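Given the structure is predicted, the values throughout are model-derived calculations rather than measurements. The chain is numbered in sequence order, starting from 1.
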Amino acid sequence: MAAATAEMRTFWCSSTTVAPINPQFMEEAVQEAINGMTQGKGGPFGAVIVQDGKIVAKGHNQVLHDCDPTAHAEITVIRRACENLQKYDLSGCVLYTSCYPCPMCMGAALWARLDAIYYGATSAEAAAVGFSDAEFHEFLKNPKSDSKRSLECIKLDDVTRPFRIWHEMENKQPY
């Protein structure tokens, strides 16, 4: 585990203090991946969220079980942590994930305002067993229509109406 720990990186921090790396929490994330696979719920991915040195939520990939392409380990654990802590802002928490997050999961982790994101396996290691997300990373570098998908803006006369209503609301809660 020491070698894997040395490869871990911190990606985003909401405060000036980055949470120290704790290999035991990465072990928990890896075990969560194994638990999900042995239960037949999805791929080999697991995650835990830690606050004040304690695990507040665990999650594993549940794509197959839930028939939900968004049920990745990181999304699952973020949802559980938010429910357990009764808040949508996970500042003060740290994500340990068994593999480098895909673009969707990285976006969710950033929106959750986690203090740190620590990962175990690399994208290349996941790709070596059939879980490549390189195509998605590449698409996000230059998002435009291609041979696989169409990305087009459809302008209506008043497509920004929801934004105006939000802007004018007095009782809104920004997030």
Side-chain angles (χ1 to χ4, degrees), residues 1-14 18-51 54-84 90-91 93-151:
M1 190 65 200
T5 302
E7 291 182 41
M8 293 181 213
R9 306 282 190 268
T10 302
F11 278 95
W12 184 82
C13 183
S14 64
V18 175
I21 295 171
N22 184 331
Q24 291 176 321
F25 295 133
M26 186 57 69
E27 284 288 344
E28 290 282 344
V30 170
Q31 186 58 52
E32 190 64 22
I34 294 167
N35 293 346
M37 285 187 309
T38 59
Q39 295 169 16
K41 293 192 175 179
F45 305 97
V48 298
I49 291 183
V50 176
Q51 182 182 49
K54 295 180 182 148
I55 293 175
V56 296
K58 295 181 181 185
H60 50 260
N61 183 290
Q62 295 192 181
V63 169
L64 299 176
H65 180 266
D66 295 354
C67 295
D68 179 354
T70 69
H72 290 197
E74 298 90 341
I75 302 293
T76 301
V77 78
I78 287 169
R79 288 175 178 159
R80 288 180 181 163
C82 289
E83 183 177 337
N84 292 345
L90 296 178
S91 298
C93 296
V94 175
L95 171 67
Y96 286 82
T97 181
S98 65
C99 187
Y100 184 85
C102 74
M104 173 183 68
C105 293
M106 184 65 80
L110 295 173
W111 274 107
R113 307 292 194 258
L114 291 155
D115 286 0
I117 302 164
Y118 299 125
Y119 68 94
T122 65
S123 291
E125 290 166 323
V129 296
F131 290 95
S132 178
D133 57 6
E135 162 186 354
F136 306 130
H137 287 282
E138 285 302 313
F139 180 80
L140 290 175
K141 288 179 184 176
N142 186 18
K144 62 181 179 182
S145 294
D146 58 24
S147 63
K148 292 186 177 186
R149 65 195 61 84
S150 179
L151 177 65

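Closest heavy-atom contact between P101 and M106: CB-N, 3.8 Å. When all heavy atoms of I49 and C93 are compared, the pair lying nearest together is CG2-CB, 3.7 Å. Across every non-hydrogen atom of A29 and V48, the tightest pair is N-CG1, 4.1 Å. Of all non-hydrogen atoms in D66 and A71, the two that sit nearest each other are OD2-CB, 4.1 Å. Minimum heavy-atom separation, T76 to G59: CG2-CA, 4.1 Å. In terms of heavy atoms, A57 sits closest to A81 at CB-N, 3.5 Å.
Going from atom CG of N61 over to atom SG of C105 covers 8.5 Å, rounded to the nearest 0.5 Å. Note: E135 CD to H137 NE2 = 11.0 Å, rounded to the nearest 0.5 Å. Rounding to the nearest 0.5 Å places CD1 of I75 at 4.5 Å from CE of M104. Taken from NZ in K41 to CG in N35, the straight-line distance is 9.5 Å, to the nearest 0.5 Å. E32 CD to F45 CZ: the interatomic distance, rounded to the nearest 0.5 Å, is 14.0 Å.
For Q24, the CD atom sits in a loose shell: 12 or fewer heavy atoms of surrounding residues, nucleotides or ligands are nearer than 6.0 Å. The environment of H65 atom NE2 is sparse: at most 12 non-hydrogen atoms of other residues, nucleotides or ligands sit within 6.0 angstrom.
A donor atom on one side chain and an acceptor atom on the other are found under 3.5 Å apart for T97 and E74.
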Take Y96 and N22, measure what side-chain contact (heavy atoms from CB on, under 4.5 Å) needs, and give me the verdict at the end. CA-CA 9 Å; Y96 286 82; N22 184 331; 3.6 Å; yes
Are K144 and L151 close enough, and set up right, to give a side-chain contact (heavy atoms from CB on, under 4.5 Å), and what steps lead you there? CA-CA 6 Å; K144 62 181 179 182; L151 177 65; 5.5 Å; no
Under the side-chain contact (heavy atoms from CB on, under 4.5 Å) criterion, do H72 and V63 qualify, and how do the steps go? CA-CA 6 Å; H72 290 197; V63 169; 3.7 Å; yes
Evaluate the criterion side-chain contact (heavy atoms from CB on, under 4.5 Å) for residue pair F139 and R149; output intermediate values, then yes/no. CA-CA 10 Å; F139 180 80; R149 65 195 61 84; 3.6 Å; yes
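Aromatic pair Y118/F25: ring centres not closer than 6.0 Å.
Counting only heavy atoms from C-beta outward, the side chains of K141 and E138 approach each other to under 4.5 Å.
Electrostatic pairing of E83 and R80 does not count as a salt bridge here, judged by no charged N lying under 4.0 Å from a carboxylate O.
A donor-acceptor pair under 3.5 Å links the side-chain atoms of S98 to the main chain of G46, judged by distance alone. Under the 3.5 Å distance criterion, the side-chain polar atoms of N84 are matched with a main-chain donor or acceptor of V56.
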